[in-house]
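In what follows, residues are counted from 1 in the order of the sequence shown. Predicted model only: the values in this text are computed from it and were never measured.
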Amino acid sequence: LPRRQNPHMHLYEAMLALHEVADHPEAAARAEKLRAQLESRFLDPQTRIIGEFFDDDWRPQAESDVVEPGHHAEWSWLLHQHARIAERAPEPLAAHFLAFAAGGADPETGFVFDGVSHSNAPRLRSRRIWPQTELAKAWLVAHKRGHAGAIEAADRILGAVSRRYLSVPVPGGWIDKFDGAGNPVGNTMPASTLYHLFGAAAETHRILSAADPG
């Protein structure tokens with residue numbers, strides 16, 4: 001404990017990939033179950049905001065008063081991916097999550113905060129790089145699904161990430177986190193962040209490739 005939504009989100013992502021790439025006979029059904037769990041377990045029924053931490057009976061814990069815009073962007077991208085793979089219409093919930101994620105941004109920098117309240121008030125004013133890459137991915141796939149202004153929003157966040165997070169002396173490196181005042185925090189580059197950076201680069205290539213039919 002606590003139970004968390006995040007591992008289930010990544011399992012959902014894995015099942016979608018397994019279905020699309022390997023056509024695993026059970027992957028599509030498992031992805032549908034995890035999609036249903038989003039509705040039944042993770043969402044606040046009033047706000048439709050994704051909680052983070054739960055007790056053993058899936059009741060929200062106090063920590064769920066702080067929610068993560070980055071995870072809303074990830075879920076938005078995944079819901080669009082699921083709709084694309086299953087050849088379904090775009091899900092309204094994906095647009096709702098993207099709007100919430102984008103609303104959790106610092107008005108001065110455009111970067112989303114690490115944590116906000118259910119009403120999108122800042123709670124953790126630090127800004128890691130990975131939520132920014134996930135927001136870019138969500139805007140990119142929203143563009144592919146016909147969202148007006150999405151490609152411009154993706155271009156803004158990707159350009160800002162390049163200028164602020166990737167302009168470092170270490171070739172191929174990045175600044176992983178800034179504090180609320182805009183100062184770099186720590187001197188390490190967590191390996192887990194590379195997954196988010198690669199994912200944003202791959203999605204940019206996929207979405208902007210003229211040869212991609214999806």
Side-chain angles (χ1 to χ4, degrees), residues 3-45 47-54 58 64 67-104 112 130-151 153-154 157-158 192 194-214:
R3 290 188 169 186
R4 296 177 296 151
Q5 68 79 21
N6 191 46
H8 296 81
M9 177 184 68
H10 285 296
L11 182 58
Y12 178 49
E13 180 179 16
M15 291 301 103
L16 291 175
L18 194 59
H19 171 62
E20 183 175 25
V21 174
D23 197 25
H24 189 284
E26 298 179 19
R30 291 179 179 179
E32 293 289 354
K33 288 181 180 179
L34 289 157
R35 167 64 183 82
Q37 193 172 33
L38 168 67
E39 296 269 6
S40 64
R41 302 295 190 189
F42 306 144
L43 289 189
D44 181 286
T47 64
R48 309 287 281 172
I49 299 305
I50 305 168
E52 294 290 338
F53 301 102
F54 303 86
W58 289 105
S64 278
V67 296
E68 298 191 27
H71 284 157
H72 285 77
E74 276 191 280
W75 272 105
S76 178
W77 179 76
L78 284 168
L79 291 175
H80 275 303
Q81 289 289 89
H82 197 172
R84 177 181 63 83
I85 293 167
E87 298 182 342
R88 298 196 292 237
E91 289 203 44
L93 196 55
H96 171 66
F97 288 163
L98 177 54
F100 182 81
V112 295
W130 74 260
Q132 323 311 327
T133 63
E134 293 304 322
L135 182 60
K137 284 169 57 182
W139 279 124
L140 284 164
V141 76
H143 163 70
K144 199 68 174 183
R145 304 293 278 185
H147 191 298
I151 194 64
I157 192 68
L158 287 170
S192 59
L194 186 57
Y195 150 79
H196 295 277
L197 291 168
F198 176 81
E203 189 68 346
T204 300
H205 176 74
R206 185 183 76 84
I207 295 296
L208 299 184
S209 171
D212 174 48

Worksheet entry | Test side-chain contact (heavy atoms from CB on, under 4.5 Å) applied to Leu93 and Leu38, step by step | CA-CA 11 Å; Leu93 196 55; Leu38 168 67; 3.9 Å; yes
Worksheet item: Run the side-chain contact (heavy atoms from CB on, under 4.5 Å) check on Ile49 and His96 step by step: do they pass?
Response: CA-CA 9 Å; Ile49 299 305; His96 171 66; 4.0 Å; yes
Practice prompt. Report the C-alpha distance between Glu91 and His80 in whole Å, list the side-chain angles of each, state the deciding distance to 0.1 Å, and finish with yes or no for side-chain hydrogen bond (donor to acceptor under 3.5 Å, both in side chains).
Written response: CA-CA 7 Å; Glu91 289 203 44; His80 275 303; over 6 Å; no
Item to complete: Verify side-chain contact (heavy atoms from CB on, under 4.5 Å) between Leu43 and Ile50, making sure each step is shown before the conclusion.
Response: CA-CA 5 Å; Leu43 289 189; Ile50 305 168; 3.7 Å; yes
Worksheet entry | Check against side-chain contact (heavy atoms from CB on, under 4.5 Å), His19 and Asp23 | CA-CA 4 Å; His19 171 62; Asp23 197 25; 4.0 Å; yes
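Residue Tyr195 places its OH atom among more than 12 non-hydrogen atoms of other residues, nucleotides or ligands, all under 6.0 Å distant.
Across all non-hydrogen atoms, the minimal contact from His72 to Ala101 is CB-CB, 4.1 Å. Between Val67 and Gly51 the shortest heavy-atom distance is CG1-CA, 4.4 Å. Among all heavy-atom pairs drawn from Thr47 and Asp44, the shortest one is N-OD1, 2.9 Å. Listed here is the closest heavy atom pair of Ala89 and Ala83: O-CB, 3.7 Å. Residues Pro69 and Gly104 approach most closely at CG-O, 4.1 Å, considering heavy atoms. Closest of all the heavy-atom pairs between Ile207 and Leu140 is CG2-O, 3.6 Å.
Taking CG of Leu135 as the reference point, atom CD of Gln132 lies at 7.0 Å (rounded to 0.5 Å). Within the model, atoms CE of Met15 and CD1 of Ile85 stand 12.0 Å from one another, a figure rounded to the nearest 0.5 Å. Here CG of Leu79 is found 9.5 Å from CZ of Arg88. Values are rounded to the nearest 0.5 Å. Between the CG atom in Leu158 and the OG1 atom in Thr133 there is a gap of 9.0 Å [rounded to 0.5 Å]. Expressed to the nearest 0.5 Å, how far CD of Gln37 lies from CE of Met9 amounts to 13.0 Å. Atom-to-atom distance recorded for Leu34:CG and Leu11:CG is 5.0 Å, nearest 0.5 angstrom.
In this model, a donor atom of one side chain and an acceptor atom of the other lie less than 3.5 Å apart for Glu203 and Trp77. With hydrogens and angles left out, the side-chain atoms of Gln5 and His8 include no donor and acceptor closer than 3.5 Å.
In this structure, the ring of Phe42 has its center less than 6.0 angstrom from the ring center of Trp58. The aromatic ring centroids of His82 and Tyr12 lie less than 6.0 Å from each other.
For the side-chain hydrogen bond (donor to acceptor under 3.5 Å, both in side chains) with Glu52, the lone residue among Arg3, Arg4, His71 that qualifies is His71.
Taking a cutoff of 4.0 Å between a charged side-chain nitrogen and a carboxylate oxygen, Glu32 and Arg35 do not qualify as a salt bridge. Glu74 and Lys137 are not joined by a salt bridge, as no carboxylate oxygen comes within less than 4.0 angstrom of a charged side-chain nitrogen.
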